[in-house]
Structure formats: structure tokens, C-alpha cells
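Everything below concerns the one structure shown next.
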Amino acid sequence: MAAARIKDIRDNIAYADDAWRELSDLVAEAQRADNQVKHIGQKAGAVLQAARECFDYCAADLRDDFLAKNVSAYFPFHPDSLSKGKPFHDLRSIEPRLYDALLSLSERIRDRKVIPSTLALYSDAAAINSLVNSKKHHAVIETIETTDQFTIMDFPDGRVVVARAWPGIGPDGVPRPPANFKAKPEHWHTSPGVKVTSAKSFSLKEGLGASRSDIPAFCMISVLAARRILGEVYNFAYGEPSDLFS
């Protein structure tokens with residue numbers, strides 16, 4: 001059985017990856033000049049929308065190939081999506097191994113488990129979904145600028161290093177800044193001739209479950225999560241290699 005939308009997913013992931021890199025460059029330039037990023041909410045929204053569509057394509061493939069094509073089926077971001085009365089619940093009798101695999105995946109999303117060999121969470125897929133749904137109501141991803149969150153180090157040989165010094169990994173397995181974190185030049189010990197300045201961050205509004213609030217970081221995580229999670233789904237549903245979208 002060959003899924004019809006693998007190319008669509010690959011194309012969307014490639015677009016999201018390019019758009020994230022372009023946005024990261026714009027943010028880096030704005031941090032250097034202490035400027036704003038024009039239309040940053042729309043640019044971030046485009047990355048997240050492209051990633052979200054990949055999950056929609058996957059749900060459509062599963063529906064077309066394992067269920068009736070005339071039902072509306074949405075990607076199971078939560079175990080409730082597989083409960084009795086929902087379209088994918090029919091897999092429990094039609095394709096029980098696939099049902100169990102999707103249920104396990106949805107439970108990892110619900111429980112904010114770490115995607116193996118990454119610092120991304122399975123729940124980032126649900127956060128992408130929530131952010132895109134929120135954008136439908138507010139027209140733009142809401143963003144926040146916060147001063148003194150990054151440190152820029154200019155070396156005499158022309159090298160530039162941008163750092164964000166956080167003390168460790170949070171209980172959910174991803175980097176977390178402490179409360180009221182501020183990156184000040186005097187916090188760093190550097191060699192003579194190194195110029196150290198602080199820079200602001202561009203962040204997502206909190207509350208929608210993203211494992212990162214920093215916009216370029218979460219856009220990168222959204223691409224990574226889509227690659228890895230959908231690779232898992234197409235592996236156990238179609239026997240495709242788990243790195244199908246890498």
C-alpha cells in the first residue's frame with residue numbers, strides 16, 4: 001500500500017525548513033541592530049501552518065487507506081481522538097496494531113514525552129496545532145519582545161557568537177530559563193578584545209504548550225517534530241523507513 005501524500009508532506013517540510021532558516025537570519029540581524037522583525041508573527045505562522053498541514057495530510061492518508069473516504073478524520077493529537085464514536089476508533093477492529101500504535105503516540109503527545117535523541121517533545125505537535133488554530137481567530141501568531149535574553153560576542157578575528165546561557169534542562173527534558181532571566185555582558189568572562197553585548201528575544205505568547213517560547217527555536221522544533229513523528233506514523237502504518245522525512 002502506497003500513501004498518496006508523502007510528496008506533499010516532504011514539500012511542506014522542505015518549505016517550513018527554508019522559511020524557518022530565513023526567519024532565523026532576520027531575527028539574528030534584528031538582535032544585532034536592536035531592531036524589530038517586520039511581520040514576524042505572520043512569518044512564524046507560515047512555518048507552523050506548513051508543519052500543521054503535514055499532520056493533516058497524514059490523517060487524510062490514514063483515512064483514505066484504512067477508513068471510509070467520506071468521513072472527516074483529524075490527526076490524533078490526544079487519546080480522545082481515538083475514542084468511541086471518533087473515526088479512527090474503527091481501526092481498533094479493522095487494524096488493531098495500527099490503532100494501538102496511534103494510541104501510544106497520542107499518549108506520548110498528551111504526556112509530553114521527549115522524542116528520542118532530540119530535545120523536542122511529542123507534545124510540540126499538539127502545540128503546533130493549537131498555535132495554528134489560535135491564528136485562525138487572531139489572524140497572526142502573537143509575539144513578545146524581551147530585552148537582555150541573548151549575549152552577542154564579537155571576536156577580534158571577525159567571528160560572532162550568539163549565546164543564551166541557561167543553567168540546565170527542565171523537568172520535561174528541554175532547556176528552560178530561570179524566572180526573570182537576564183543576560184548581561186558582565187556575566188561573561190572573555191578574552192581581551194572580545195566585545196560583549198546583550199540582545200533581546202522574540203518569543204511566542206505563553207500558554208499553548210510549546211516546549212520553546214523563542215520563535216526561531218520553536219519553528220525549528222516544529223520542523224523536527226513533524227519529521228520525526230510523521231516518520232514514526234508512516235513506519236508503522238505503511239512500513240516506510242522511520243527517517244522517511246529526514
Distance-only criterion, 3.5 Å: show the donor-acceptor pairs between side-chain atoms of residues 219-231 and protein atoms not counting sequence neighbours.
residue	atom	partner	partner atom	Å
Ser222	OG	Cys219	O	2.6
Arg227	NH1	Phe245	O	2.7
Arg228	NH1	Pro116	O	3.2
Arg228	NH2	Pro116	O	2.8

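- Between Asp11 atom CG and Glu53 atom CD the span is 11.5 Å, to the nearest 0.5 Å.
- With sequence neighbours left out, the side-chain contact (heavy atoms from CB on, under 4.5 Å) criterion links Asp157 to Phe155, Arg159.
- Remark: Phe202 pairs with no residue by the ring-ring contact (aromatic ring centres under 6.0 Å, His included) rule, at least two apart or across chains.
- Under the side-chain hydrogen bond (donor to acceptor under 3.5 Å, both in side chains) criterion, Ser198 pairs with Asp148, sequence neighbours left out.
- Annotation: side chain of Arg52 is in contact with side chain of Asn133 (closest heavy-atom distance under 4.5 Å).
- Of the inter-residue distances, the one linking Leu204 atom CG with Leu131 atom CG reads 6.0 Å to the nearest 0.5 angstrom.
- Counting only N and O atoms by type, the side chains of Ser211 and Asp124 include a donor and acceptor under 3.5 Å apart.
- Contact annotation: the side chain of Cys58 never approaches that of Asp61 to less than 4.5 Å [non-hydrogen atoms, C-beta and beyond].
- A continuous path of ILVMFWY side-chain contacts below 4.5 Å connects Ile6 to Phe55, so both sit in one hydrophobic cluster.
- Rounded to the nearest 0.5 angstrom, Leu105 CG and Phe77 CZ are separated by 9.5 Å.
- Put simply, the side chain of Val47 does not reach to within 4.5 Å of the side chain of Phe218, judged on heavy atoms.
- Applying the ring-ring contact (aromatic ring centres under 6.0 Å, His included) test to Phe88 and every residue at least two apart in sequence or in another chain returns nothing.
- Using a distance-only test at 3.5 Å, with no hydrogens or angles considered, a donor-acceptor pair links the side chain of Asp214 to the main chain of Ala217.
- Between Arg110 atom CZ and Ser123 atom OG the span is 12.0 Å, to the nearest 0.5 Å.
- Interatomic distance, Leu244 CG to Asn235 CG, rounded to the nearest 0.5 Å: 9.0 Å.
- Ion pairing between a basic and an acidic side chain is recognised when a charged N comes within 4.0 Å of a carboxylate O; Asp25 and Arg21 show no such pairing.
- Residues Val161 and Val194 are members of one and the same hydrophobic cluster, defined by side-chain heavy-atom contacts under 4.5 angstrom among Ile, Leu, Val, Met, Phe, Trp and Tyr.
- Partners of Tyr238 according to the ring-ring contact (aromatic ring centres under 6.0 Å, His included) rule, which considers only residues two or more places apart in sequence or in another chain, are Phe66, Tyr234.
- Surrounding CZ of Phe236 are more than 12 heavy atoms belonging to other residues, nucleotides or ligands, all under 6.0 Å away.
- Taking the ring-ring contact (aromatic ring centres under 6.0 Å, His included) definition, one finds that Tyr57 meets it with nothing, sequence neighbours left out.
- Remark: side-chain polar atoms of Ser24 are paired, donor with acceptor, to backbone N or O of Trp20 under 3.5 angstrom.
- For the pair Thr118 (side chain) and Ala120 (backbone), a donor-acceptor distance under 3.5 Å is present.
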Verdict with supporting geometry, Ile215 and Leu23, side-chain contact (heavy atoms from CB on, under 4.5 Å): CA-CA 9 Å; Ile215 287 173; Leu23 179 55; 3.8 Å; yes

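- Cluster membership for Leu98 and Leu67, using ILVMFWY side-chain heavy atoms within less than 4.5 angstrom, is shared.
- For the atom pair CG of Asp111 and OH of Tyr122, the computed distance is 12.0 Å after rounding to the nearest 0.5 Å.
- Sorted by first and then second residue, the salt bridge (Lys or Arg N to Asp or Glu O under 4.0 Å) pairs with a member in residues 29-38 read Arg32-Asp154, Asp34-Lys200; sequence neighbours excluded.
- Gln36 CD: 12 or fewer foreign heavy atoms inside a 6.0 Å radius.
- Ile94 and Leu62 end up in the same hydrophobic cluster when Ile, Leu, Val, Met, Phe, Trp and Tyr side chains are linked at under 4.5 Å.
- Through direct or relayed side-chain contacts under 4.5 Å between Ile, Leu, Val, Met, Phe, Trp and Tyr, Val160 connects to Phe150, Ile152, Val162.
- Residues satisfying the side-chain hydrogen bond (donor to acceptor under 3.5 Å, both in side chains) criterion with Thr146, sequence neighbours excluded, are absent altogether.
- Residue pairs meeting the side-chain hydrogen bond (donor to acceptor under 3.5 Å, both in side chains) criterion with at least one member in residues 80-100: none, sequence neighbours excluded.
- Residues near Val71 contribute nothing to a hydrophobic cluster around it, because no ILVMFWY side-chain heavy atom sits closer than 4.5 Å to its side chain.
- A pairwise comparison of heavy atoms in Pro76 and Ser106 identifies O-CB, 3.4 Å as the closest pair.
- The shortest distance between side-chain heavy atoms of Asn129 and Phe75 does not fall below 4.5 Å.
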